[in-house]
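Taking it in order: structure first as structure tokens, then the write-up.
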Protein chains: 2
Amino acid sequence: MTELPLLSGGAPKERADATRNRLKVLAAAEQLFDARGVATVSMDDVAAAAGVGKGTLYRRFGDKSGLAAALLDERESQLQAAMLTGPPPLGPGAPAGERLTAFVGAYLAFVDAHLDVVAMSQTASSGARLRTGSHRLWRQHIAILLAEAGTPDPDVRAGALLAALTAEQVRHWRHDEDRSLADLTEALVRMARAATGPP
Amino acid sequence: MTELPLLSGGAPKERADATRNRLKVLAAAEQLFDARGVATVSMDDVAAAAGVGKGTLYRRFGDKSGLAAALLDERESQLQAAMLTGPPPLGPGAPAGERLTAFVGAYLAFVDAHLDVVAMSQTASSGARLRTGSHRLWRQHIAILLAEAGTPDPDVRAGALLAALTAEQVRHWRHDEDRSLADLTEALVRMARAATGPP
DNA sequence: GACAGAAACGGACTGCAGTCCGTATTGTCG
DNA sequence: CGACAATACGGACTGCAGTCCGTTTCTGTC
């Protein structure tokens, strides 16, 4: 994933045709992913369905994982807003431990609800997903909560916790091992709580 | 990754030419990976260097991640033997907590020492790595130790712990965040200890 | 040692991710 | 409005992963 224009410093303004195509692509991708499953849809398919050249697709979204990430963007933003400025226990106001618990539940639910698309967004090669803006945000959020709770090595533990919430891992628990979302959530919440305590 | 003949029930005996080619391929792959880095070596390269057809490569190793896994096999087996029948604290004889600590250190060292090859072996699509024989073994080992220590949800926590020790994650900590192996080991050992305690 | 069936070989082939660059569109400034 | 620079477009092109199947090599048997 390369930098999206949206993210650079001074808003460079999106050209009209660019906007038009961005929307066409997102609509087509959502529709196709939904209808045929993320895995079996090729970038050519998306380009064709959107009535757009392949180059356009790649210039804007970088690669297939970037396209998936863009599709997730809106819902992801909702979760981010809830956690940064929403009501407790997810938002500020509750004790760190409870906020962490709420976050694990909410994030897990988010991943579970969009398993395939999240999985695709996490396939960026060479660990690019770990350098993603949104990943950084989740990690930092967890690290701050852990630090607040007096946990040692909050940064490492934040990364470790997120690693356990990877789409691939969640899919394994949910589908290969047939765990219910509720049980899995409870188990992971318990573990997060345990990991919050000092060694 | 599909089943390797090696793993099936009754030994179906490997044909002489098959052995010959297997060794040629492994030698060529090791040499190429070593010289040019795993990422930039194509399967055609390996086939050509080994003096073998591409079909042979794929029939035997399934895909690129399978080839990487085969290369790791020997060292992986050493670690497995040490942990199953070797001297404490890695092997049996020490208390579960200490064995877990030793395992985290040893496994992390293993991943770190072969980062690129392990990373490649873990790229199997659709979470195939989680269904791998060796992954199952690591997971079961951890789960047993955790259960022995009275930890709740030992299976989930074992999976979570291994998720944190993924090559991609370790590479991020080691290279992107420049952590020393020693510090990282300590932090993860502390976390494993914390996660061993009840909620 | 020669035969038959089984097992393995190898390289042409397919389909897709991702790149490149000549062309078209847009926004701006005089 | 007209023309210029910046930006975006699109589809041909490249290279690689993974498949397929006609051909070759092996091995157990007589």
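Throughout, protein chains are lettered first and strands after them, A, B, ... in sequence-line order, and every chain is numbered starting at 1. What's counted below: heavy atoms across the whole structure, side chains too, no hydrogens, waters or symmetry copies.
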*When the nearest nucleotide of DNA chain C is assigned to B:Gly51 and to A:Ala16 on a heavy-atom basis, which residue is associated with the more 5' position?*
B:Gly51
*To the nearest Å, how far apart are A:Arg60 CZ and D:dT7 C1'?*
10 Å
_Contacts of B:Glu186 that satisfy salt bridge (Lys or Arg N to Asp or Glu O under 4.0 Å) - sequence neighbours left out_ = B:Arg190
*Can you list the residues that meet the side-chain hydrogen bond (donor to acceptor under 3.5 Å, both in side chains) rule with A:Asp155, with sequence neighbours excluded?*
none
*Can you name the residues that form a ring-ring contact (aromatic ring centres under 6.0 Å, His included) with A:His135, not counting sequence neighbours?*
none
*Within less than 4.0 Å of OP1 or OP2 of C:dT26, is there a side-chain N or O belonging to A:Arg20?*
yes
*To the nearest Å, give me how far apart CG (B:Asp17) and C1' (C:dA6) are.*
12 Å
*A:Leu130, A:Val118: one ILVMFWY side-chain cluster at the under-4.5 Å cut-off?*
no
*Spacing between A:Arg22 atom CZ and C:dT26 atom P, to the nearest angstrom*: 16 Å
_Per-nucleotide protein contact string for nucleotides 16-23 of chain D (B base, S sugar-phosphate only, - none; heavy atom under 4.0 Å)_ = SBBBB---
*Quickly work out the A:Glu14 CD to C:dG27 C1' distance and round it to whole Å.*
14 Å
*For A:Arg131, check side-chain hydrogen bond (donor to acceptor under 3.5 Å, both in side chains) against everything at least two apart and list the hits.*
B:Asp176
Kindly give the atom pairs (protein nitrogen or oxygen, nucleotide nitrogen or oxygen) under 3.5 Å for nucleotides 2-5 of chain C.
none

*A:Ser180 side-chain N/O to A:Asp183 backbone N/O, donor-acceptor pair under 3.5 Å*: yes
*Between CG of B:Leu67 and CG of B:Leu72, what distance do you get to the nearest 0.5 Å?*
10.0 Å
*asked:* When you measure from the side-chain N and O atoms of B:Asn21 to the phosphate of C:dC9, is any distance below 4.0 Å, counting only OP1 and OP2?
replied: yes
*Output the distance between atom CG (A:Leu32) and atom OG1 (A:Thr40), rounded to the nearest 0.5 Å.*
9.0 Å
